[in-house]
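Computation of the quantities below employed the complete heavy-atom set of this structure, encompassing side-chain atoms and omitting hydrogens, waters and symmetry-equivalent molecules.
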Amino acid sequence: MGSTDLVILGLISIIGWIVIGVRLMALCNTNGVSNGWMSFIPFLNYTRWARLAGKNPWLVLLWIIPIVGLILSLLWLNSISEQTGAKSPWFWVYLILTIGSGVIASFFHGLLLAIVVIILTVISIYALWMIFDPTKQVGTAHKA
């Protein structure tokens, strides 16, 4: 990937971070989860995922163990998607892209790789957008 491709991917990632942060904050506010502004802070945003999934946000500290962060985030996202009714198909789309994106991207090189990575990033952002639907109630969210 060239520098232009990396800039485009970076811009899409930043826009995605903001868009998903807004959507996650709205879901937190809708469900009475405090400190929704943490949705915009790297690492702390996953404490909001835990809270919405009805789990202890301090579990985020387990992320110092390799792979645990990925597993916890997918478990929490699964719980949130089940509770909001967005499980089918958006959780599965996100799960497949999260686990398989490296394998998928390894089949491509050059400009085609850049295009594939950008498309996978946009689809992942859209899947999270659909899962973090603030019009849905999350049943087990705690108000702390």
Side-chain angles (χ1 to χ4, degrees), residues 1-31 33-141:
M1 287 200 318
S3 60
T4 304
D5 302 329
L6 290 175
V7 168
I8 292 170
L9 182 59
L11 288 174
I12 289 172
S13 297
I14 290 169
I15 291 168
W17 187 268
I18 293 168
V19 167
I20 295 305
V22 168
R23 187 79 161 192
L24 181 58
M25 186 173 72
L27 183 64
C28 288
N29 292 339
T30 300
N31 288 283
V33 174
S34 63
N35 300 320
W37 56 268
M38 287 183 182
S39 301
F40 296 99
I41 300 174
F43 188 71
L44 288 180
N45 64 343
Y46 292 107
T47 64
R48 301 303 86 198
W49 288 33
R51 190 64 80 183
L52 286 166
K55 305 298 180 199
N56 187 337
W58 287 100
L59 289 172
V60 171
L61 295 176
L62 291 174
W63 287 33
I64 61 173
I65 304 169
I67 305 295
V68 172
L70 174 65
I71 293 169
L72 285 176
S73 65
L74 290 174
L75 289 173
W76 297 337
L77 193 59
N78 180 48
S79 177
I80 294 167
S81 66
E82 283 178 344
Q83 294 175 46
T84 61
K87 177 127 186 189
S88 180
W90 298 111
F91 172 74
W92 297 108
V93 169
Y94 187 78
L95 177 70
I96 290 167
L97 289 178
T98 300
I99 294 173
S101 61
V103 174
I104 294 167
S106 69
F107 290 109
F108 303 97
H109 301 287
L111 180 60
L112 196 54
L113 172 63
I115 293 169
V116 168
V117 169
I118 289 169
I119 290 171
L120 293 176
T121 303
V122 169
I123 293 171
S124 294
I125 291 167
Y126 186 73
L128 285 176
W129 172 266
M130 295 303 291
I131 292 169
F132 294 145
D133 186 356
T135 63
K136 309 287 175 124
Q137 288 292 318
V138 176
T140 61

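How far CZ of Arg51 is from CG of Leu27: 14.0 Å, rounded to the nearest 0.5 Å. The CG atom of Asn45 lies 13.0 Å from the CE atom of Met25; values are rounded to the nearest 0.5 Å. Rounded to the nearest 0.5 Å, atoms CG (Leu75) and CD1 (Ile80) are 11.0 Å apart. To the nearest 0.5 Å, atom CG of residue Leu120 and atom CD1 of residue Ile96 are 11.5 Å apart. From Trp63, atom CH2 reaches atom CG of Leu61 across 11.0 Å, with rounding to the nearest 0.5 Å.
Here salt bridge (Lys or Arg N to Asp or Glu O under 4.0 Å) pairs that include residues 12-24, with residues two or more places apart or in two chains, are Arg23-Asp133.
Using a 4.5 Å heavy-atom cutoff, the side chains of Ser34 and Arg48 are in contact. Two residues are said to be in side-chain contact when any heavy atoms from C-beta on lie closer than 4.5 Å; Ser79 and Trp49 fail this criterion. Ser13 places a side-chain heavy atom less than 4.5 Å from the side chain of Thr121. Ile15 places none of its side-chain heavy atoms less than 4.5 Å from the side chain of Ile125. No side-chain heavy atom of Phe132 sits under 4.5 Å from any side-chain heavy atom of Trp90. Using a 4.5 Å heavy-atom cutoff, the side chains of Leu77 and Leu128 are in contact.
Scanning all heavy atoms of the two residues, the minimum distance from Trp17 to Phe40 falls at NE1-O, 3.2 Å. Closest approach of Pro57 to Ala50, counting heavy atoms only: CA-CB, 3.9 Å. Scanning all heavy atoms of the two residues, the minimum distance from Phe107 to Val103 falls at CD1-O, 3.2 Å. Closest approach of Phe91 to Leu74, counting heavy atoms only: CE1-O, 3.4 Å. Between Ser124 and Leu97, the closest heavy-atom pair is OG-CD1, 3.5 Å. Shortest non-hydrogen contact noted between Ser39 and Cys28 is OG-SG, 4.4 Å.
In this structure, Thr30 contributes its side chain and Pro134 its backbone to a donor-acceptor pair below 3.5 Å. Counting only distance, with no hydrogens or angles, the side chain of Asn31 and the backbone of Val33 share no donor-acceptor pair below 3.5 Å.
Partner of Trp76 under the side chain to side chain contact (heavy atoms under 4.5 Å, CB included) criterion, chosen from Ile71, Val60, Thr47, Leu52: Val60.
Within a 6.0 Å sphere centred on CZ of Phe43, other residues, nucleotides and ligands contribute more than 12 heavy atoms.
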